[in-house]
Amino acid sequence: MTREPLRFDIAARDPESGARAGVMYTRHGPVRTPAFMPVGTQGAVKTLSSEDLLASGAEIVLSNTYHLMLRPGEKRVREMGGLHAFMSWPGALLTDSGGFQVLSLSPLRKISEEGAVFRSHLDGSTHSLTPERAIEIQTALGVDLMMSFDECLPYPSTPELAEESMRRTVRWAGRGLERARTLAAEGDTVPALFGIVQGGTYPALRAECAERLTGMPFDGYSLGGLWVGEERSHGHALVEGDTALLPETKPRYLMGVGTPDDLVEAVARGVDLFDCVLPTRNARKGTVFTTTGRLVVKNAAFARDPRPLDPSCDCMTCRRYSRAYLRHLFSVGETLAMRLASLHSVHFLLATMREARSALVEGRFAAWRKSFHERYESGRGMEPQAGRDS
């Protein structure tokens, strides 16, 4: 048996940029790209059900290796039929390797050539993650796409530290790939595997990492270590440099980027897949993205505003509820506020990526990109209305 294959077909390209529309064919159906993945860290997108995600048009969801290995444990998930059955999700699933979460535990972890030893943020118990173990966990979860175990750096990092970390990430990628081959030979259904480009914010290091990873038979490639504090323009330049070195025939995934304008610009630079907790995290605090910019709906200015969050949006929240009602729910602490705002945020980003794809297929991406930015940066409909009070 071999590793589970991932087929990626390109349907259209924009002649004026690096943007392309494609389809990733997974064991759980096609994923039309460019695509945004709602983040279900612990097997759930906070406040939303699988039915909500399907209604919003999601075709792929992201979950997290680190959190699921701690609770409920990959063995339990496998006993329950795998992560798809466990969370009742019929579409594709991707898991990240846990590298970013290990970085966030910096006072509680130690990195060596073998891997990472860390203490759980839950109870202080000691655990280890190695390149091999990350592959084993993700295979046991039964997902469609998995990530190599990588070392994520804090920002800023010195060139020397970034170089050491990048080269370790490459070595770990090779070890994970070998473990995937072994599991497949033993009869496991092994997910498609992505290598992760690292190297901090140093173009030469990222180029070396991309060159070395593309010499290995990965099914796709991820761009890691970006949007961690660098200037936005620098981040976009690094994305452009990375994608220019990655194979045209394989999907490219920009990790952890999720504002609408950044997604559109990354699509223009040849990225196919995205994830970010920001849209739903902000929504739970009363801030949502809309066609004309960022809206803080919990503000008192919207206490008697009859408009939906976004008049251009056809999500369930915007079809049925007013800003005044959402503001009321936030002001009294109703959990429904978080759910309705999250529904809109997920729907809006999924719809934005569908619009980008349609524009690509129809040969009008450049015009759509310009129009999108003009609308998004306009701020129309955000102004407080006369006579409103709290």
Side-chain angles (χ1 to χ4, degrees), residues 10-23 31-38 56-60 223 226-227 231-240 243 251-280 282-283 287-297 307-315 317-319 323 341-383:
I10 296 176
R13 289 184 174 87
D14 174 41
E16 299 180 34
S17 71
R20 73 259 191 94
V23 185
V31 176
R32 284 161 275 265
T33 64
F36 178 77
M37 294 183 288
S56 293
E59 295 178 333
I60 183 169
L223 284 61
L226 300 176
W227 269 257
E231 288 290 330
R232 187 166 170 258
S233 59
H234 190 197
H236 286 305
L238 292 168
V239 167
E240 190 163 3
T243 56
R252 305 157 179 166
Y253 161 31
L254 178 57
M255 309 176 81
V257 176
T259 64
D261 48 346
D262 282 335
L263 263 62
V264 170
E265 285 309 294
V267 167
R269 288 160 173 81
V271 176
D272 307 297
L273 199 58
F274 305 89
D275 82 283
C276 192
V277 298
L278 183 66
T280 46
N282 282 0
T287 299
V288 297
F289 296 122
T290 75
T291 309
T292 56
R294 192 172 65 98
L295 174 71
V296 186
V297 71
R307 295 172 294 179
L309 293 175
D310 185 347
S312 299
C313 179
D314 64 352
C315 75
T317 300
C318 290
R319 291 197 315 269
R323 295 178 184 184
S342 296
L343 270 171
H344 166 76
S345 287
V346 166
H347 182 100
F348 176 72
L349 286 185
L350 291 169
T352 299
M353 291 296 93
R354 286 195 297 272
E355 288 179 15
R357 178 185 170 79
S358 294
L360 279 162
V361 170
E362 295 166 11
R364 52 181 180 83
F365 179 77
W368 177 84
R369 176 186 179 189
K370 182 175 182 291
S371 173
F372 173 86
H373 285 302
E374 288 174 350
R375 285 181 288 120
Y376 187 74
E377 294 163 11
S378 71
R380 290 191 297 270
M382 305 298 175
E383 70 286 344

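Residue numbers run from 1 in the order of the sequence given.
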Apply salt bridge (charged side-chain N to carboxylate O under 4.0 Å, His left out) to the pair Glu265 and Arg369, showing each step before the final yes or no. CA-CA 8 Å; Glu265 285 309 294; Arg369 176 186 179 189; 2.7 Å; yes
Contact summary for Cys276 and Gly256, nearest pair of heavy atoms: SG-O, 3.7 Å
Where do Met353 and Pro34 come nearest, in terms of heavy atoms and distance? CB-O, 3.5 Å
Under the criterion side chain to side chain contact (heavy atoms under 4.5 Å, CB included), I'd like the reasoning laid out for Phe348 against Cys315: C-alpha separation, chi angles, the key distance, then a yes or no. CA-CA 8 Å; Phe348 176 72; Cys315 75; over 6 Å; no
Min side-chain heavy-atom separation Tyr253-Val271 under 4.5 Å: no
For the residue pair Met382 and Val296, establish whether any side-chain heavy-atom pair is separated by less than 4.5 Å. no
Taking every non-hydrogen atom, the tightest pair across Gly258 and Pro279: O-CG, 3.6 Å
Between atom CG of Leu226 and atom CE of Met255, what is the distance when rounded to the nearest 0.5 Å? 10.5 Å
Is a side-chain donor or acceptor of Ser56 paired with a backbone partner of Ala58 at a separation under 3.5 angstrom? no
Take Thr292 and Glu377 through the side chain to side chain contact (heavy atoms under 4.5 Å, CB included) test and state the conclusion after the steps. CA-CA 6 Å; Thr292 56; Glu377 294 163 11; over 6 Å; no
Decide yes or no on salt bridge (charged side-chain N to carboxylate O under 4.0 Å, His left out) for Arg364 and Asp14, but give the supporting numbers first. CA-CA 8 Å; Arg364 52 181 180 83; Asp14 174 41; over 6 Å; no
Hey, does the side chain of Arg252 reach the backbone of Gly270 with a donor-acceptor pair shorter than 3.5 angstrom? yes
Closest approach of Pro251 to Arg20 (non-hydrogen atoms, all atoms of both residues): CA-NH2, 4.3 Å
Closest approach of Leu360 to Ala21 (non-hydrogen atoms, all atoms of both residues): CD1-N, 3.8 Å
Determine whether Ser17 and Arg269 make a side-chain contact, defined as any pair of heavy atoms from C-beta on separated by less than 4.5 Å. no
Is a side-chain donor or acceptor of Ser378 paired with a backbone partner of Arg375 at a separation under 3.5 angstrom? yes
Nearest 0.5 Å, please: how far is CG in Leu254 from CG in Leu273? 9.5 Å
Check: Glu240 main-chain N/O paired with Thr243 side-chain donor or acceptor under 3.5 Å: yes
Positive for side chain to side chain donor-acceptor pair (under 3.5 Å) with His347, one of Thr352, Asp314, Asp310, Thr317: Asp314
Trp227 ring center within less than 6.0 Å of His234 ring center: no
Looking at Arg32 and Asp272, does any basic side-chain N land under 4.0 Å from a carboxylate oxygen? no
Locate the shortest heavy-atom distance separating Ala341 from Ala283; write the atom from each residue and the value. CB-O, 3.5 Å
Given the options Leu343, Thr291, Leu295, Leu309 meets side-chain contact (heavy atoms from CB on, under 4.5 Å) only with Leu295
Report the distance from atom CG of Leu349 to atom OG1 of Thr280, rounding to the nearest 0.5 Å. 9.5 Å
Does His373 reach the main-chain N or O of Val264 with its side chain, forming a donor-acceptor pair under 3.5 Å? no
Have a look at Phe36 and tell me which of Val346, Leu263, Val257 forms a side-chain contact (heavy atoms from CB on, under 4.5 Å) with it. Leu263
Under 3.5 Å: donor-acceptor pair, side chain of Ser358, backbone of Arg354: yes
Working to the nearest 0.5 angstrom, can you tell me the gap between Asn282 CG and Thr259 OG1? 10.5 Å
Regarding Glu383 and Arg307, does a basic nitrogen lie under 4.0 Å from an acidic carboxylate oxygen? yes
Can you find a pair of side-chain heavy atoms, one from Val267 and one from Phe274, that are under 4.5 Å apart? yes
Check whether any side-chain heavy atom of Arg323 sits under 4.5 Å from a side-chain heavy atom of Pro308, and report yes or no. no
So does Gly22 get a backbone contact from the side chain of Thr33, meaning a donor-acceptor N/O pair under 3.5 Å? yes
